[in-house]
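Please read these numbers as outputs of a predicted model, since none were measured by experiment. Residue numbers start at 1 and run along the sequence shown.
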Amino acid sequence: MGSNVWVLVFSLCCCSVVQSLDNTATESLNSLVQDFAFRSLVKHRPQTGALYDALLPRNLSGMDVSVVRLRSRRLWNKGANFSYFRIPPRTISIPHVRRLAIVYQNLGNWSSHYYNLPGYTLISSVVGFMVFDASNVTDTSVRNLTLNTMGHPISIQFPSVAFTDGINSRARCVAFNANGAFQITEMSSLGMCYARDQGHFSIVFPLEKKRRPWYLRVIGFVLGFFGLITVGYAGFSSLRLLKTKRIRAMEKHANEDLVLESRWVGNNKMPSAEVTRTQPVLESGFP
């Protein structure tokens, strides 16, 4: 008990760690909540089928925890309709026990500290329930149980959720598993989700990317347009300059290959090509 309290206090102080994928803090919270719930059962000497609120410490202010003790036979015949959950009839516990306890949770304003879904935001409190062997409520080593609903869903009615047309179409149900995984499903009706077993649940909404103001988009378009023109002009100028350099290089090369002699004509010295005379050739082939 003492170690759980210290782990919980540390997790409350380090919210960034709690919001990571590590589920150590949620496991410590569940263990602590179960402990306070069973203390409430021992204190009230509960009647079967009566729901009792658990007294939580001040550092858990904002959370609601309640507990009910049921006979397995009643769960099979009538189901359980407590808190935000409706467990259908023909439900059995695994392993089978004579009496079981269902601990309900509403994390309230602590929801986002213990459960964080990347790309989504919580629009409802995280609610959940856990099932334990209640054959002996004074036993410190309480067994966790699972439920078999014979294929029928467990309905979850979320409290105090206001929906608008935009949110209603995109809202989703999420189920957080004990191993840290989660499952997102569509919401069939307003504020109603469904599950097959115990766990923690919420309604989420996908985060929207922030849009830039219209004038920033216009400025970006104008700068991009002029930038494209500038790049095009620079490319055209570079090609033109390269072509001019090639022509000059070819002219220079041609001038260097042409060897001219200089001759004086009057008082002026002028270039003169070398005279090469083709020797006459007789038709007989002899020179």
Asks: Val67 and Val42: same hydrophobic cluster, using ILVMFWY side-chain contacts below 4.5 Å?
Replies: yes

Asks: Please confirm whether the backbone N or O of Ser112 pairs with a side-chain atom of Asn116, one donor and one acceptor, at under 3.5 Å?
Replies: no

Asks: Is it the case that atom CD1 in Ile94 sees more than 12 heavy atoms from other parts of the structure closer than 6.0 Å?
Replies: yes

Asks: Taking all heavy atoms of Thr91 and all of Pro88, pick out the closest pair and write down the distance.
Replies: OG1-O, 2.6 Å

Asks: With side chains defined as the heavy atoms from C-beta onward, is the minimum distance between Phe182 and Asn177 less than 4.5 Å?
Replies: no

Asks: Say you draw a straight line from CG of Asn109 to OG of Ser61; how long is it, rounded to the nearest 0.5 Å?
Replies: 7.0 Å

Asks: Could you state the interatomic distance from OG (Ser83) to CG (Asp53), rounded to the nearest 0.5 Å?
Replies: 9.5 Å

Asks: Taking the side chain as C-beta and beyond, is there a heavy-atom pair between Leu75 and Arg71 under 4.5 Å?
Replies: no

Asks: Quick one: do Arg58 and Leu60 satisfy side-chain contact (heavy atoms from CB on, under 4.5 Å)? Show the steps, please.
Replies: CA-CA 5 Å; Arg58 291 182 178 180; Leu60 294 181; over 6 Å; no

Asks: How close do Glu186 and Cys173 get, heavy atom to heavy atom, and via which atoms?
Replies: O-SG, 4.2 Å

Asks: State, with a plain yes or no, whether a side-chain heavy atom of Ile156 is found less than 4.5 Å away from one of Val127.
Replies: yes

Asks: Is it the case that more than 12 heavy atoms not belonging to Arg90 sit under 6.0 Å from its CZ atom?
Replies: yes

Asks: Rounded to the nearest 0.5 Å, what's the gap from CG on Leu70 to CH2 on Trp76? Could you check?
Replies: 15.5 Å

Asks: Which distance, rounded to the nearest 0.5 Å, do you find between the NZ of Lys78 and the CZ of Arg73?
Replies: 10.5 Å

Asks: What pairs of donor and acceptor atoms, side-chain ones from residues 193-207 against any protein atom, are under 3.5 angstrom apart with sequence neighbours left out?
Replies:
from: Arg196; atom 1: NH1; to: Gly151; atom 2: O; distance (Å): 2.3
from: Asp197; atom 1: OD1; to: Leu147; atom 2: N; distance (Å): 3.2
from: Gln198; atom 1: OE1; to: Val131; atom 2: N; distance (Å): 2.9
from: Gln198; atom 1: NE2; to: Leu145; atom 2: O; distance (Å): 2.2
from: His200; atom 1: ND1; to: Tyr115; atom 2: OH; distance (Å): 3.3
from: His200; atom 1: NE2; to: Gln105; atom 2: OE1; distance (Å): 2.9
from: Ser202; atom 1: OG; to: Ser124; atom 2: O; distance (Å): 3.2
from: Ser202; atom 1: OG; to: Ser124; atom 2: OG; distance (Å): 3.1

Asks: Quick check for you: to the nearest 0.5 Å, what is the distance between Leu51 atom CG and Ser66 atom OG?
Replies: 4.0 Å

Asks: Between Leu107 and Leu29, is the side-chain contact (heavy atoms from CB on, under 4.5 Å) condition met? List the steps.
Replies: CA-CA 10 Å; Leu107 300 188; Leu29 175 65; 4.0 Å; yes

Asks: Are any of the side-chain heavy atoms of Asn30 and Met130 separated by less than 4.5 Å?
Replies: yes

Asks: List the steps and the verdict of side-chain contact (heavy atoms from CB on, under 4.5 Å) for Gln34 and Phe132.
Replies: CA-CA 9 Å; Gln34 175 264 322; Phe132 302 94; 3.3 Å; yes

Asks: Determine whether Ser72 and Arg98 make a side-chain contact, defined as any pair of heavy atoms from C-beta on separated by less than 4.5 Å.
Replies: no

Asks: Any donor-acceptor pair under 3.5 Å linking the side chain of Ser31 with the backbone of Glu27?
Replies: no

Asks: Let me confirm one number: the CG-OG distance from Asn106 to Ser111, rounded to the nearest 0.5 Å.
Replies: 6.5 Å

Asks: Tell me, please, which residues at least two apart from Tyr104 pass side-chain hydrogen bond (donor to acceptor under 3.5 Å, both in side chains).
Replies: none

Asks: How are the rings of Trp110 and Tyr114 set relative to one another: parallel (under 30°), tilted (30 to 60°) or perpendicular (over 60°)?
Replies: perpendicular

Asks: Could you tell me whether the side chain of Gln157 and the main chain of Gly191 form a donor-acceptor pair under 3.5 Å?
Replies: yes

Asks: Take Arg69 and Leu100 through the test side-chain contact (heavy atoms from CB on, under 4.5 Å) and record every step on the way to the result.
Replies: CA-CA 6 Å; Arg69 190 184 186 195; Leu100 54 87; over 6 Å; no

Asks: Considering residues at least two apart in sequence or located in another chain, which fulfil the side-chain hydrogen bond (donor to acceptor under 3.5 Å, both in side chains) criterion with Ser135?
Replies: Asp133

Asks: Is the shortest heavy-atom distance from the side chain of Ile87 to the side chain of Asn81 under 4.5 Å?
Replies: no

Asks: In terms of hydrophobic clustering (I, L, V, M, F, W, Y; side-chain heavy atoms under 4.5 Å; direct or indirect links), are Val68 and Ile92 co-clustered?
Replies: no

Asks: May I ask you to test the Asn148-Met150 pair for a side-chain heavy-atom distance under 4.5 Å?
Replies: yes

Asks: Please check if Val126 and Ile184 belong to a single hydrophobic cluster, counting links between Ile, Leu, Val, Met, Phe, Trp and Tyr side chain heavy atoms closer than 4.5 Å.
Replies: yes

Asks: Quick check on the hydrophobic clustering: are Val231 and Leu242 connected, directly or via other members, by side-chain heavy-atom contacts under 4.5 Å?
Replies: no

